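So you know, we letter chains A, B, ... as the sequences are listed, proteins then strands, and number each from 1. Every value quoted in this text rests on a predicted model; they were computed, and no experiment measured them. Below, all heavy atoms of this structure are taken into account, side chains as well, without hydrogens, waters or symmetry copies.
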Amino acid sequence: MSDEEHQFESKADAGASKTYPQQAGTIRKNGHIVIKGRPCKVVEVSTSKTGKHGHAKCHFVAIDIFNGKKLEDIVPSSHNCDVPHVNRTDYQLIDISEDGFVSLLTENGNTKDDLRLPTDESLLSQCRTYVFHRIQIKDGFEQGKDLVVSVMSAMGEEQICALKDIGPKN
Amino acid sequence: MIRPIWEYITGLFDVHLDFGPEFGGIRGRVQAIKPMVLDRWIMPPFGWIKINTDGSAMGAPGNSACGGIFRDCKGAADLAQLQATMQAIELACSSIQMHVNPAAAEATLLSLSQSPRPYHACQFILENSQLANARFQAAGAIRDAAIREWALLEAADRRGLISFCLCFIMNNANSPEGYVLVKVASVAAQLLKRGWPDFTAAEKDAFFLEVKEAVNGSHGLDVQFVGINFLESLVSEFSPSTSTAMGLPREFHEQCRISLEQDYMKAFYCWVQYAAFNVSSRIIEAHSEIPEVKVCSAALRLMIQILNWDFRGKNAVENLKRGIDVFYDGMKQENSSLRRSECIFVQPGHAWHDMLISSGHVGWLLNFYTALRQKFSCEGYWLDCPLAVSARKLIVQFCSVTGVIFPSDGGHMQRQHLLQLLAGIVQWMEPPDAVAKAIKSGKSESELLDGCRALMSVATVTTPVVFNELLKNLRPYGTLTLLSALMCEVSKDLMENRTDDETWSWVARDILLDTWTTLLMQLDGSGHNNSLPPEGISAAANVFALIVDSGLKAASASVLSDGDEYDFLQASVTAMDERLNSYALIGRASIGATIPLLTERFSERVMRLHQGKGISDPTETLEELYSLLLITGHILADEGQGETPLVPKEIESSYTNIMEVDKHPVVILSGSIIRFAEQSLDPEMRTSFFSPRLMEAVVWFLARWSSTYLMPPERSGENKSSYENCNETQHSTNALLSFCGENNQGKVVLDIIIRISLSTLLSYPGEKDLQALTCYQLLHGLVKRRNIISHLVTLDSWRDLANAFANERVFFSLNAAHQRSLAQTLTLSTSGMKTPEASNQYIHNLTSHMTASLVELSSKNDLKTIAQQPDIILLVSCLLERLRGVARASEPRTQKAIYQMGFSVMNPVLIFLQAYKDESIVVYLLLKFVTDWVDGQIIYLEAQETAAVVDFCMRLLQLYSSNNIGKISISLSNTLRTGADAEKYKDLRALLQLLSSLCSKDLVDFASEPIEAYGTSISQVVYMGLHIVTPLITLDLLKYPKLCHSYFSLLSHMLEVYPEIIAQLNVEAFRHILATLDFGLHHQDVEVVDLCLRAVKALASHHYKDSGAGKVGLGSHATSYKEPDGKFHEGILGRFLRSLLQLLLFEDYSTDLVSSAADALLPLILCEQSVYQNLANELIEMQVIPTFRSRLTNALQSLISSNNLSSTLDRINHQRFRKNLHSFLIEVRGFLRMFVLRGHCYGSGCFLAARLGWQHGSVASIDVKQACPSSIRPTLAGFGLNGPVLNGLAILEPNPNPSGLRAKWATIGL
């Protein structure tokens, strides 16, 4: 049941346009861009000219939002670039398994179990400490009740991008 | 009873072991249990062996170790031990050189210089070591130890150390390792300076007697050389800019400087002059290189150095009497002289007159150099040999001698002096063409360059007329002609070889340009027109024509070199600007020739462009036009720098005879450029000629030109009164100005400019730089001027621009920042409208589209899904940027409309903040928009509106906080994670700015009724805001300097203005604020610490005053209490008192902070009298030496009692306390800090011994397994001791000492 639901959702996602064209000159630092078919976040933009009296071109340095690799591209600034549609969805965290897979509660009450925390050792341990710290310091913690996982999806890929505590503090 | 060993191995105790003759019965005892601040090692009685031990641990449990040294009654002076030390140091030095285990070797060296009183060992090494490096290190160790322990040394020891160093350099003068001598000389110089105020004049003279004899040459050349070297290091040590800090206050350095200048400087100069004079005659007689050369060039160098000294003369003494002001004064002087040029004035004062000017010293120097020149063919001498270089430098130095050294005879004496110098110098660069040719064929250029430098120095100290006349006494032409001839040669060379390397002609060009600038700036400043002689004007005209032509040639040549110069663009643009500025100065000096020249060149190029249309590649011509536009812009107008620039004086005062507008040369030139620019409106012309780069120059020129000439404001007032006098000038100026006046061509030109801007914005897609110039410089400059605005709003073209901006989609493809600027510009232009209603309506029309689309978007049901689409993100951010631009242009008359605009998007803003909580760009824009909007609006708002805005801000803060608190971002990329941090920082900074602007409502308020009418209290609100924001500000984020700064300035402002409200915060928020304050107190940035001190002062003063008046003050926060579990909580004020005292006494900080620290300390002491007493007692207890103890007691006492200090917090009392604290710190800080240092050095001394002992055998090393208690974890852990761990307590290894001493160290039991 839950699997079917799931497929339906991702189909709907696939139907929507994955990228949008946007003039290179308007893409700013911290914005998103597609380079070599990968969705990236721009960390540096500089402009230069083709020859002294030629036209401007933009030089992007960007980082793949999923694998963290650095990519670069040069585009004439009046041309269009592809900008990925980056979506973020929040889920409540139910459980973290030993192998780093998480169990998430979707808005309509189903669970989503196909995502895992980053495999990178230090990041994983950082997440674990974070989660267990939250669990320890709260009396009467009900599983996942006040931990939210933010999932980023773009161009058919998904990844957990943030953890957040929505405890009763505020 | 057996105690664990670590209680003994602390370095606190002397453990005496008596081995006795029978070696069997070991008796041990702990001699004294006292703090480790022993003054010095005390030898044990005969027959006893003393062990000094120390230990350390890195963590518990962790690596730990200890060591000890065994010494008998002969103590440290043991020759064997000195030998051992020497060996260890030599080993360390050679292992550093060979790069074998450098860390350990460095530790050994460090431990030598940190051990107490290493002087014997160091002197031993200096005298006996064969290894030069070891001697070098030993000298350094003497210096380090002596500076550290200076206060503890006997007067005789101090003198002894200095004379030892001096004797050492004199005795070893012929040693081949010069660097050791230099080091020892500098150690002597530093020690001499350290003790300078304490030595009597007789003692100093005794030192210098030796030096003087050495410099005189009575002990041979080598000694003479080292003598001069010593003086060199002494002078540089005493000069504030090159001195070593030595941990002493600036006053100390300043006193030494003044004293040396007054009492010894002249004598030094005299000695070296004599020395140089003597050896120079021998050099001239000799035919090859002789050893005297070395001495002579050293002497010349010292003379240069002395002349470079920052002479203050009598002023300095007077300044010193006034106190600390002396630094302020010094700074001011430096600033004023910096502006001129890099040339430093030499102003030794009139006392030096007889020595430098009237003694024929200059003549000797010039003759000496002339003689040297003839020897350049000999072996050992050449143009760039050190001796020649120093001699030339000294000559150049003499050119900048000025000031009271010359008698006040109308400059006659100075002219004679300069003439004498110039006669010598002019030979180096005459005739210019021949010299340039010689350089091209391989001759060294240094003479020419030094000659140029000399000309610059002369130009700096004289006026242009005098400058020109100088050479006329020797030659048929003036100095300016020479200058222009030189410039021509240099430009020719530049044109011929265009390389990227810096050649001699680059350097020469920069020096010569500086010379021109120096000369012409003087004209500018004095306001006298035409003070450049006619010869000078024609010289300038020649130079300028050459510059223009070489510039054009360079431009056309550089077209094809695309290159990577883009990386250096920023730097080269500034350099280029500077150069253009000096070109413009030269051009304006000969304005009569310049303008026609430029007009001619310009129209020539335009013609060529048209003729070549479609036939040849126009790029070269385009680049030429580009450079012509730049130089013309610089000539015609000044940069405004925020003010309306006037027509340059030179232009205004020339062409006085031209009455008709159309014939005014400037009008002709400007007209032709504007007509050319207008052609860019034709699409066909645009595509074929107007490249983005050329357009940039056009827009830049229009911006610069229009701020001076376009519709200039009517000149009235002072000009009318002097109308009679300058009738003619006035006419011509009027002719010039009326060309583009409001009634003449002005409107037409303005229309052209607007249409050009519209076309750059629309027809050059993606050309950010060009559009930035248009938005920020051209349009922004226009709307700043009242005269223009009122015409602007009536123009059709302006209306077109506004309409296109509001309605056309193509504007969304502009850079967002440019859209913001355009919105701002359009809003600002409304002040040109006749009625406020019209302006408000205009803004309403402008913004209604944008707000409507934001509202519509936010109310969409599927916002959550579509919001993340890139096109929607782009739309939202562009709209927000525009609204922000409008908000930034808030003015009283348009305030209503802008308030309406913001009010209508309040809800959408909150909705977007929620929808885009993960899209940092949009969040930042939202926050910035709100910040700017509130900042512009808040002071005008009525009470009801304020309540709405404040409520909105609180909701915004809460929403932001709940979205971000407790969030961690997980990303594989480090860059992205730090990027996320940076974004958070920017957001928070915006929020803090928002709070600050809310704060300003309490200070400035234009509302008709008080805001309290609606129950709003700004202070409450801001504290609420702080409460929401502070949990987001982690100590990590405070590492961003700007955020840190704005946070603490807001905090200290709040605490100063509303201290009563902080007491109402809950415990957690309060604690967080205090934690950040504590963090701020130890920040490196002086300003941040100052802000924190102000906050602490405010807190404490509030508490003191309130509790004095019988109110609660800070209430429970301030009182100390015991928790049920027995933990003692000190009140916050007590805690601050403790940490502030700790900071003041033991840590490093800028002396500028003492005053504000005093202001904070006084109320703290008054609040917490008992804590202060306890702290004082603790401090006194720590001192073991009776004299220091009593000094400290007295100082602590007088800190709170002298100067009639009372217990009030008024201004006078604060001032008194500041004085008290200053003198308190001067009195005690020296020795208090000394013991902190010594405390941990003591241990390292033992450690060094232990290290050495492994070789020598008289020392045992002991490893201890158990983790040491925290009380004995001194900083030694840093040495990283790590050894095999032995079981049990401690075992002494069988000792291989040849005397056969075998001992077992049993447990020490009492």
If you define the side chain from C-beta out and look only at heavy atoms, does anything of B:Q868 sit under 4.5 Å from A:V86?
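Heavy-atom side-chain distance check fails, nothing below 4.5 Å.
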Any side-chain heavy-atom pair of B:P692 and A:K49 under 4.5 Å:
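Contact flag for B:P692/A:K49 side chains = yes.
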Contact part of [X] toward chain A, heavy-atom cut-off under 4.5 Å: side chain, backbone, both or neither?
| X | result |
| --- | --- |
| B:F812 | backbone |
| B:I921 | side chain |
| B:L814 | backbone |
| B:E919 | both |
| B:T619 | both |
| B:E623 | both |

Lys/Arg N to Asp/Glu carboxylate O, [X] vs [Y], below 4.0 Å:
| X | Y | result |
| --- | --- | --- |
| A:D90 | B:K917 | yes |
| A:K57 | B:E767 | no |
| A:K29 | B:E983 | no |

Out of [options], which one racks up the most heavy-atom pairs below 4.5 Å with chain B?
| options | answer |
| --- | --- |
| A:S150, A:P84, A:S78, A:C161 | A:C161 |
| A:H55, A:Q159, A:H32 | A:H55 |
| A:G25, A:G54, A:A162, A:G31 | A:A162 |

Considering all heavy atoms, the nearest B:P765-A:Q23 contact
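Shortest heavy-atom separation between B:P765 and A:Q23 comes out as CB-NE2, 4.0 Å.
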For residues A:R88 and B:D918, report the shortest heavy-atom separation together with the two atoms involved.
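Here A:R88 and B:D918 meet closest at CD-CB, 3.0 Å.
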For chain B, which residues from residues 37-46 of chain A have at least one heavy atom closer than 4.5 Å to it?
A:K41, A:V43, A:V45
Please output the residues of residues 68-77 of chain A in contact with chain B, using a heavy-atom cutoff of under 4.5 Å, in numerical order.
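Near chain B, by residue number: A:G68, A:S77.
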